[in-house]
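Position 1 is the first residue of the sequence, and the numbers go up from there. Quantities reported herein were computed from a predicted structural model and do not represent experimental measurements. Atoms considered below: every heavy atom in the structure, side chains included; atoms not considered: hydrogens, waters and symmetry mates.
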Amino acid sequence: MNPSPAPAASTTTTAGGLPFKRLLLVLGVVATAYAAALLVWGDSPRASLALLWSWTGAQAAGLCLLNYLLRGLRWRLWMAHYGRHFGWLQGLRLYLAGYAFTPTPGNVGEAARGLMLARQPLGAGQSLAIFGAERLADLLCLLLLCLPAAGWVLRHPAVQAASTLLGGLLAAAALVLLAVLGLLFKHRTRVFERLPWLQEAWHCLALRPWLWLGLTLTAWAAQGVAVWLICRGMGVGLDLLTATGFYAVAMVAGALSALPAGLGGTEAVLTGLLVAHGATPAAALAITVLARLLTLWLAVAIGVLALLYSAAIRKEISFR
């Protein structure tokens, strides 16, 4: 989930030429995969997709739009840190345009937001720093939202049967994590010298931390509530915190896979957790497809429209 300096060059290339063919290819493959999965394992694909046009679907879509709005405000805050001040609507539109590049490995294409500005574009290091701050903030808040799902897993009968072994593994993992964090903190100066964009990202995170933390946590919680509404609409009885936790775990798993937009990993984990909770495979698959259509592909569609409008009409984005 954390970018490295290498993607900076590829990000510049992406900003210089719209990868519409690649995006359309990804969209076609994903649409085909979702449709095939629903046809093979789903009870009624048409009935499942009809939920999108219901009141429940409208509520879930509204919560996803809230997610984009809050994260857009966070991006606007960090852009102001580099002297790029935007109005509310302009900042949100430029932020949304970056979602057109979400179907890239590790979402690194979104780092092109600052590079694409027609006036006063950010340098590659600054743009990558904001992208790194975004990913670190997202990871922190998603891990916090994972806690209810972790509690459910620990209460699962299969896990309790192996509680001693699991406890030892968790303790060992915690010690390793603490050791790694301790080493990173101890040698942070050397790390920052080798990865200057990471130091810039750290400066972004140090700017009004409670504000970006509140925006980020609320944004991801909103999408968790959207998943809960979809579960309820499909007749799967999950409580709100568990549904949000399942979604957060799936998002973290997809991010760690480094696949474009977490494709495959996110869907597999979310479907598996729902089945483990007691949902039928057909219902779990339908919920996963609906959730991804609203939480991911709605953003990509809006991003493409915002990108075209900002570039062709407003002239606020340049690909030179």
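In terms of heavy atoms, C141 sits closest to L213 at SG-CD1, 3.6 Å. Minimum interatomic distance between M234 and A286 (heavy atoms only, all atoms of both residues): CE-CB, 3.6 Å. A201 and A129 make their closest contact through CB-O, 3.3 Å (heavy atoms, listed as atom of the first residue, atom of the second, distance). Pairing each heavy atom of V275 with each of P281, the nearest pair is CG2-CA, 4.0 Å. Minimum interatomic distance between H277 and G237 (heavy atoms only, all atoms of both residues): CE1-O, 3.5 Å. Between A248 and L142 the shortest heavy-atom distance is CB-O, 3.5 Å.
In this structure, L305 is not a member of the same hydrophobic cluster as L94, with clusters built from ILVMFWY side-chain heavy atoms closer than 4.5 Å.
Grouped by direct or indirect side-chain proximity (heavy atoms under 4.5 Å, Ile/Leu/Val/Met/Phe/Trp/Tyr only), W228 sits with L63, V225, L229, L240.
Side-chain N/O atoms of E200 and Q126 include no donor and acceptor closer than 3.5 Å.
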Which pairs of donor and acceptor atoms, one on a side chain in residues 250-262, lie under 3.5 Å apart (sequence neighbours left out)?
residue, atom, partner, partner atom, Å
S257, OG, G254, O, 2.5
S257, OG, L259, N, 3.3

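Proximity of L211 to L77: side-chain heavy atoms (C-beta onward) are separated by under 4.5 Å at one or more points. The shortest distance between side-chain heavy atoms of V249 and C146 falls below 4.5 Å. The side-chain heavy atoms of E316 and M116, taken from C-beta on, include no pair separated by under 4.5 Å. Side-chain atoms of W297 and V300, non-hydrogen and from C-beta on, do get closer than 4.5 Å to each other. Residues L117 and M79 form a side-chain contact, since some pair of their non-hydrogen atoms from C-beta on lies under 4.5 Å apart. Inter-residue side-chain proximity for L207 and C204 is flagged as unmet; no heavy-atom pair is nearer than 4.5 Å. With a 4.5 Å cut-off on side-chain heavy atoms, T266 and L296 do not count as touching. Considering only heavy atoms from C-beta on, D239 stays 4.5 Å or farther from P148 through its side chain.
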For L274 and C231, what are the C-alpha separation, side-chain angles and deciding distance, and is it a side-chain contact (heavy atoms from CB on, under 4.5 Å)?
CA-CA 9 Å; L274 291 170; C231 290; 4.1 Å; yes
Go through it in stages, so that I can follow the logic: the residues are R74 and D138, the test is salt bridge (charged side-chain N to carboxylate O under 4.0 Å, His left out), and I'd like the CA-CA distance, side-chain angles, deciding distance and then a yes or no.
CA-CA 11 Å; R74 182 187 66 181; D138 290 341; 2.8 Å; yes
Could you please spell out the steps behind the side-chain contact (heavy atoms from CB on, under 4.5 Å) verdict for I302 and L65?
CA-CA 10 Å; I302 293 174; L65 293 175; 3.6 Å; yes
Given Y99 and Y68, is the ring-ring contact (aromatic ring centres under 6.0 Å, His included) satisfied, shown in steps?
CA-CA 10 Å; Y99 282 133; Y68 313 149; 5.5 Å; yes
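Not a single ring pair (Phe, Tyr, Trp, His ring centres under 6.0 Å) links Y82 to another residue, sequence neighbours left out.
Residue L69 holds its CG atom at 11.0 Å from OG1 of T218, rounded to the nearest 0.5 Å. Between atom CG of residue L205 and atom CG of residue L198 there is a gap of 9.0 Å, rounded to the nearest 0.5 Å. One finds the CH2 atom of W75 at 14.5 Å from the CG atom of L215 (value rounded to the nearest 0.5 Å). Here the straight-line distance linking atom CD1 of I130 with atom NE2 of H203 works out to 13.5 Å at 0.5 Å rounding. Atom CZ of R135 is separated from atom CG of L128 by 11.0 Å, given to the nearest 0.5 angstrom. Note that CG of N67 is 8.5 Å distant from OG1 of T295, once rounded to the nearest 0.5 Å.
With a 6.0 Å radius and a threshold of 12 heavy atoms from other residues, nucleotides or ligands, I313 has its CD1 atom above the threshold. Other residues, nucleotides and ligands place no more than 12 heavy atoms under 6.0 Å from the CZ atom of R208.
Judged by distance alone, with hydrogens and angles left aside, the side-chain atoms of S127 form a donor-acceptor pair with the main-chain N or O of A111 at under 3.5 Å. Checked by atom type and distance alone, the side chain of R84 pairs as donor or acceptor with a backbone atom of Q120 at under 3.5 Å. Judged by distance alone, with hydrogens and angles left aside, the side-chain atoms of T242 form no donor-acceptor pair with the main-chain N or O of L238 at under 3.5 Å.
Salt bridge status for R292 with E267: present, with a side-chain N to carboxylate O gap under 4.0 Å.
Ring geometry, W78 versus W212: the interplanar angle falls from 30° to 60°, so the pair is classed tilted.
Taking the centre and axis of the six-membered ring of Y95, the NZ or CZ atom of R113 falls inside the cone set by 45° and 6.0 Å.
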